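Okay, structure first, notes after.
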Amino acid sequence: MANMAQLSTAVYQQLRTLPTGCVTSYGQLALQAGYPGYARQVGAILRGLPHDSDLPWHRVLRADGRLPFTAGTTEFDEQKIRLLKEGIQVDGDRVSRRYFRSCAVS
DNA sequence: ATTGTGACCCTTC
DNA sequence: TGAAGGGCCACAA
């Protein structure tokens, strides 16, 4: 089990540290927040974010690098635009893995 | 108590 | 690369 209240808090805090130009996955985010195995709940949390939130929700993708929304939907376009605006190359409905959290030099 | 439902993930072909 | 199958966990009905 887990206290969802602090899970969301931990997730918010963790997400806040994700630098511009970097992306991560739901699973990684959950892990870094201290809740391994809670990827789905992370999704549920982001789903509940107000549309005008300051948090970089768009930097969270699936583990395989694809966007979580079906191509064509407004949500999909919104996220894609935000990513491109940060200089993250989006190829169709996915992003190259090198953008994943090791923004550090390679 | 059971069942279905996700902005999910991983291992194996 | 990509599909399939199974695992995962909180929540609502």
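Treat the numbers as computed from the prediction; the structure is a model and nothing was measured. Here is how names work: the chains are called A, B, and so on, in the same order as the sequence lines, proteins then strands, and each is numbered from 1.
Between A:Y38 and C:dA10 there is a side-chain polar atom (N or O) within less than 4.0 angstrom of OP1 or OP2. In this model, the phosphate group of B:dC9 is approached by a side-chain N or O of A:S25 to a distance below 4.0 Å at OP1 or OP2. The side chain of A:R40 places no N or O atom within less than 4.0 Å of a non-bridging phosphate oxygen (OP1 or OP2) of B:dC8.
With 3.5 Å as the limit, one finds a donor-acceptor pair spanning the side chains of A:H58 and A:E86.
When the C1' atom of C:dG2 is taken as reference, atom CG of A:D93 falls 13 Å away, rounded to whole Å. Look at OH on A:Y26: it is 19 Å from C1' on C:dG7, rounded to the nearest Å. When the P atom of B:dA7 is taken as reference, atom CG of A:L7 falls 16 Å away, rounded to whole Å. A:R82 has its CZ atom 18 Å from the P atom of B:dA7, to the nearest Å. Here B:dT11 presents its P atom at 14 Å from CG of A:D64, a figure rounded to the nearest Å. One interatomic measurement links the two molecules: CE of A:M1 to P of C:dC8, which rounds to 16 Å at whole-angstrom precision. Note: CD (A:Q32) to P (B:dC8) measures 17 Å, nearest angstrom. Distance, A:I45 CD1 to C:dC11 C1': 13 Å, rounded to whole Å.
Side chain of A:S8 to main chain of A:M4: a donor-acceptor pair is present (N/O by atom type, distance under 3.5 Å, no hydrogens or angles).
Of the candidates B:dC10, C:dG2, C:dA10, the closest approach to any side-chain atom of A:R94 belongs to C:dG2. Checking B:dC10, B:dA7, C:dA10 against every side-chain atom of A:A63, the shortest atom distance belongs to B:dC10.
Sparse packing is recorded around CD of A:Q13, with 12 or fewer heavy atoms of other residues, nucleotides or ligands lying under 6.0 Å away. Within a 6.0 Å sphere centred on CZ of A:R94, heavy atoms belonging to other residues, nucleotides or ligands number more than 12.
The 5' end of DNA chain B is approached more closely, in terms of each residue's nearest nucleotide, by A:Q41 than by the other of A:L61 and A:Q41.
B:dA7 and C:dG7: their P atoms are spaced 22 Å apart (whole Å).
In summary, A:R66 and A:D64 engage in a salt bridge, as defined by a charged side-chain N under 4.0 Å from a carboxylate O.
Within 4.0 Å of A:A44, counting heavy atoms only, lies no atom of the nucleic acid at all. Among the protein residues, A:R62 comes within range of the sugar-phosphate backbone only, with heavy atoms under 4.0 Å from sugar or phosphate atoms but none that close to a base. In this structure, A:A30 reaches neither bases nor backbone, as no heavy-atom distance under 4.0 Å exists between it and the strands shown.
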